[in-house]
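Sequential numbering from 1 along the given sequence is applied to the chain's residues. Everything numeric in this text was worked out from a predicted model, so none of it was measured. Just so you know, ligand 1 is whichever comes first in the structure, and atom 1 is the first atom listed for that ligand.
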Amino acid sequence: MNSQLLQQIVKKYESLYGSDHIEVRAPGRINLIGEHTDYNEGYVLPCAVSPAIYFAMGSREDGKVCLNSYDYDSYCEFSISQKEAPKEQWASYLYGITQIIQEKGHKIKGFNCVFGGDVPVGAGMSSSAALESGLCLGISELNGLNLDKMEMAKIGQRSEHEYVGVKCGIMDQFASIFGKQGKCVRLDCKTLEYEYSKLDMKDYIFVLTDTKVKHSLASSEYNTRRSECASGVEALKSKYPEINSLRNATVDQLKSVIGKITDTIYNRCKYVIEENERVIKACEALNNNDLETFGNLLYLSHNGLSKMYQVSCPELDWLVDQTKNMDYILGSRMMGGGFGGCTLSLIKADKLDEYKSVIAPAYKKQFNIECKFYAATAEEGTALVK
Ligand code: GLA
């Protein structure tokens, strides 16, 4: 919890709107394994993390929504009943949330909001999901809606689909809302059942290494992957009518439709089927305190993401490759949607400084970019602070 940042946000809120307000913290997330599986009705294994977005919010009686981005020193206002999205790109996620809640039949008042955070933007820690989850909880609290947690995750996801244009799965919003301190949570994206597991890491920790790149392909390729998987399912369905998603398919079934799909579609689908199996194995490994097996699964996941799903980039591949010679790192992979952002590596805690001191100059030499590091621990999900 970044109390100092929250205090600054509250101070700004009070200077603009007075003291009557609520405070919300909505965290970013990491995903241990299970990438690009959520929109294929598969499994994911995320945690909420300590970087978060903080909100100070209070109701207004005139139906206006007044949004202040503390980090960007930017302001946007619209009427709660306005049907046209505001011009400001950063406000589209938030506008979307206000619209979807109302479309669901809830009556809400206008409100004032100051928000800001320490979730690095573009690093693949889902600052946008944190923004959506936090605002959704804030609106629910201010209006006594008592929105259910899963419903809030779905509202955030819909806002992303309808107001941002990324056909994302449910993982990011789910993780930001359902995270628990010291635990990861396995979500079955088909049934939405979930199970928490204690993260018993012995003397290991997760470190994120931020490539500081975000290749422009990210959102268009994301939607392309989604439709490639859907074509794979169509081909499978014509032979196996019971298959509705890659979740129920096996690699053998996929092999039997080889003539009907392109090599690319075959590879995309094979990756997803195998990644789901890896999530199950990774959970078993964690429950058995077998971090070596867990680490190996991270490498296999990266290999699939890079070679078969093709959502990695040279910077991510390079970072993962470097760790293979480091005996204090048990596994590493790209994390999130891909085409930039962070790698996630399982590293011996007392070797973190050594790792940073080797990687930072080497990465700079290779790509002429300063990478960044974040140690990631599992923290509580979106909640009222006050
Ligand atoms: C992005 C999306 C998620 C998920 C990941 C890849 O973060 O928002 O829904 O699909 O990519 O696993």
Point to revise | Side-chain donor-acceptor contact under 3.5 Å, Tyr355 with Thr323 | key: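 No, no side-chain donor-acceptor pair sits under 3.5 Å.
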Check your understanding: Does any donor atom in the side chain of Arg225 or Gln310 lie under 3.5 Å from an acceptor atom in the other side chain?
Key ->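 Looking only at side-chain atoms, Gln310 and Arg225 do not form any donor-acceptor pair under 3.5 Å.
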Review point. Touching ligand 1 at all, Arg29? Heavy atoms, strictly under 4.0 Å?
Key: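 It does; at least one heavy atom falls under 4.0 Å.
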Proximal ligand 1 atoms for [X], defined as those under 4.0 Å from one of its heavy atoms:
{"X": "Tyr39", "value": "10 (O)"}
{"X": "Met171", "value": "4 (C), 5 (C), 12 (O)"}
{"X": "Tyr222", "value": "1 (C), 2 (C), 3 (C), 4 (C), 9 (O), 10 (O), 11 (O)"}
{"X": "Cys168", "value": "2 (C), 8 (O), 9 (O)"}
{"X": "Gly169", "value": "9 (O)"}
{"X": "Asp38", "value": "3 (C), 4 (C), 9 (O), 10 (O)"}

**Study point:** Ion pair check, Arg158 and Glu103, cut-off under 4.0 Å
**Key:**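 Between Glu103 and Arg158 there is a salt bridge, with a charged N closer than 4.0 Å to a carboxylate O.
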Check your understanding: If you measure from the Lys or Arg side-chain nitrogens to the Asp or Glu carboxylate oxygens, is any gap between Glu370 and Lys364 under 4.0 Å?
Key ->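 The answer is yes: the pair qualifies as a salt bridge.
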Practice item. Could you check atom 8 (O) of ligand 1 against the protein and tell me its nearest heavy-atom contact, residue, atom and distance included? Key: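 Looking at atom 8 (O) of ligand 1, the protein heavy atom closest to it is Asp172 OD2, 2.6 Å.
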Review point. Can you tell me how far the CD atom of Glu14 sits from the CD atom of Gln7, to the nearest 0.5 Å?
Key: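 Output value for this atom pair is 10.5 Å.
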Review point. Between Trp90 and Phe115, what is the ring plane arrangement, given parallel below 30°, perpendicular above 60°, and tilted in between?
Key: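 Geometry flag for Phe115 against Trp90: tilted rings.
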